[in-house]
Amino acid sequence: MWDSVWINARLATFDTGAGSDAPASAAGGRRGDAKDLIGAIEPGAIAVAAGRIAWIGPMADLPVGYQRSQALHDAGGRWITPGLIDCHTHLVHGGHRAAEFALRLDGASYEEIAKAGGGILATVTATRGADEDALVAGASARLARLMAEGVTTVEVKSGYGLDTASELKMLRAAGRLAGPGIRVRRSFLGAHAVPPDYADRRDDYVALVVEEMIPAVAAGRLADAVDAFGERIAFTPAQVARVFEAAKTHGLAVKLHADQLSDQGGAALAARFGALSADHLEYADPDGLAAMAAAGTVAVLLPGAYYTLRQSRRPAVDAMRRHGVAMALATDCNPGSSPATSLLLMLNMGCTLFGLTPAEALAGVTVNAARALGLDGECGRLVAGQAADFVLWDIDDPAELAYRIGWNPVHAVVSDGAVREVLEPGGAGPADEPW
Ligand code: NIG
Ligand code: FE
């Protein structure tokens, strides 16, 4: 018995036929070719059973039984992509840092503000002071924005608690965001900044992370991965390595905020530990990128932070292509470096600021974002067996998702096989009223 069948669709499957181990970036140094990356089936059909994709393929091949389904939905020729995945966020946090925005516009740098006790530590104070319910409420409002744009999976980090109780509180709050329509992956980011009371004994804080926090997170099954911020204003490579070793001991995957503001050898370090992803990478060196390719570590590019901090050095996208590093894109939604709640805007910025092709950008919020979360077998592509997470769009061309600015052409979102949102006919955008 099937739950529903979707016909008359243009499918962007992101199933390139290369097998799940191949990076979904252009091979051989070519810019990603749209057809290679998108894996289009036109016209196509999807059959959904028990929340999974039971069958997908050309409409002409749809088995007769499915054609007689009671729950037959006509997609009206619309494009369908996998549900979008925001694979790097700090959605759970207290307060905001609008005042720092003004300071930076006056010339203060992100690092100067952090050294003066602002930056991440300002949000730590606000987050410690917020109770779990308040954190859930704030994060839910931001998550609603992402979901309205077709996000069906989101990663959420801790890292604004920096003491055991507050870090666990953040992770519990992140867990409460999960529910019908949204899958949540959690990353423990205790090694995000050194709290003020450990300023002169930074290794002691790392010991607290390693000996107390990570075991507590693992025991409570509160996170899927351990993240760290490897940077002059945060943790040294040796300290990050200690954190990663503890993560491995407890069976947790690792990820790294790597080489965002300076070359710390973060890309190579992440690769050495088989990290799911290394994120930011503006200052990553070429050898590190080659190591990432060999390790299958995904590069998560965060144009919202690059833009907000008015950085001038872009991640080496050409070198990533050359080495075959899979590239993902995410909002990095956080109150400091990227107060962004639009993944569609990140598609545009990934193309305009970093030079991705629209197809690469889309692979970055679907198949490659799933890889960055260790969810490649679960979501991010339209293939039989994966979760039935997909979005119907009122667009003529998938590239429109990256090209338009401030436009949300979602027509409907299906998550775990259930229709989450159907906008009023004609209310969703340019398919009905060309402009
Ligand atoms: O991904 N780089 C470090 N962490 C965050 C910023 C957090 C903050 O400024 O509050 C980032 O950019
Ligand atoms: Fe971040």
Side-chain angles (χ1 to χ4, degrees), residues 86-101 103-104 108-128 130 135 138-139 142 154-162 166-167 170 174 185-195 225-235 240 243 254-264 266-267 270 275-284 298-311 315 328-341 343 346 349 369 372-373:
D86 192 351
C87 66
H88 179 142
T89 84
H90 307 252
L91 274 185
V92 171
H93 59 256
H96 64 80
R97 308 217 300 269
E100 279 179 21
F101 176 61
L103 285 177
R104 279 201 310 277
S109 76
Y110 185 69
E111 282 170 296
E112 283 162 2
I113 291 170
K115 281 184 190 143
I120 292 171
L121 293 182
T123 301
V124 169
T125 304
T127 304
R128 286 179 176 175
L135 292 178
R142 292 181 278 275
V154 68
E155 184 258 18
V156 184
K157 302 176 192 299
S158 67
Y160 294 119
L162 308 187
S166 305
E167 285 292 311
M170 286 188 74
R185 299 294 273 189
R186 291 178 290 181
S187 301
F188 165 66
L189 180 56
H192 192 197
V194 178
V226 170
D227 198 346
F229 185 20
E231 193 52 70
R232 291 184 299 226
I233 54 170
F235 297 92
V240 170
V243 171
V254 298
K255 311 170 77 67
L256 184 63
H257 284 69
D259 306 326
Q260 178 188 14
L261 308 169
S262 61
D263 180 6
Q264 297 284 307
L276 287 174
S277 70
D279 304 34
H280 290 288
L281 297 171
E282 278 80 355
Y283 287 84
V298 176
V300 177
L301 306 181
L302 303 168
Y306 169 92
Y307 167 80
T308 301
L309 300 185
R310 294 195 290 175
Q311 291 184 258
L329 274 173
T331 60
D332 194 12
C333 175
N334 75 70
S337 68
S338 189
T341 47
L343 193 55
M346 299 304 122
M349 287 185 170
L373 297 179

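Worth saying up front: this structure is predicted, and the values here are computed from it rather than measured. Start at 1 and go down the list; that is how both ligands and their atoms are numbered.
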Taking atom 12 (O) of ligand 1 as the reference point, the nearest protein heavy atom with its distance: Ser337 OG, 2.5 Å
N, O or S from His280 under 2.8 Å to the Fe ion (ligand 2): no
Any side-chain donor near an acceptor of the partner, Asp279 and His257, under 3.5 Å: no
Atoms of ligand 1, numbered as shown, that sit under 4.0 Å from any heavy atom of Gln260: 2 (N), 3 (C), 12 (O)
Straight-line distance of Asp86 CG to Leu91 CG, nearest 0.5 Å: 7.0 Å
salt_bridge(Asp227, Lys157) N-O dist < 4.0 Å: yes
Ion pair check, Arg186 and Glu155, cut-off under 4.0 Å: no
Per-atom contacts, ligand 1 versus Arg97 - under 4.0 Å to a heavy atom: 8 (C), 9 (O), 10 (O)
Asp279 near the Fe ion (ligand 2): N/O/S under 2.8 Å: no
Contact with ligand 1 for Thr123, non-hydrogen, under 4.0 angstrom: no
Among the N, O or S atoms of Asp332, the one nearest the Fe ion (ligand 2): OD1
Nearest non-hydrogen protein atom, atom 4 (N) of ligand 1: His192 NE2, 2.8 Å
Distance-only donor-acceptor check, side chains Asp259 and Ser262, under 3.5 Å: no
For Tyr110, atoms of ligand 1 separated by under 4.0 Å from a heavy atom: 6 (C), 7 (C), 8 (C), 9 (O)
Contacting atoms of ligand 1, where contact means under 4.0 angstrom from a heavy atom of Tyr160: 7 (C), 8 (C), 10 (O)
Close side-chain approach of His93 to Arg142, heavy-atom, < 4.5 Å: yes
Close approach, His88 and ligand 1, non-hydrogen under 4.0 angstrom: yes
Aromatic ring pairing His90/Tyr160, orientation class (parallel under 30°, perpendicular over 60°, tilted between): tilted
Nearest non-hydrogen protein atom, atom 11 (C) of ligand 1: Asp332 OD2, 3.1 Å
Ligand 1 contacted by Glu231 (non-hydrogen, < 4.0 Å): no
Note, Glu167 side chain near Leu162 side chain (heavy atom, < 4.5 Å): yes
Proximal ligand 1 atoms for His280, defined as those under 4.0 Å from one of its heavy atoms: 1 (O), 2 (N), 11 (C), 12 (O)
Degrees at the Fe ion (ligand 2) between the NE2 atom of His257 and the NE2 atom of His88, nearest 10°: 90°
Ser187 side, atom OG; His192 side, atom NE2 - distance, nearest 0.5 Å: 11.5 Å
Polar contact flag, side-chain donor to acceptor under 3.5 angstrom, Ser109-Arg104: no
Region of His93 that comes within reach of ligand 1 [heavy atoms, distance under 4.0 Å]: neither
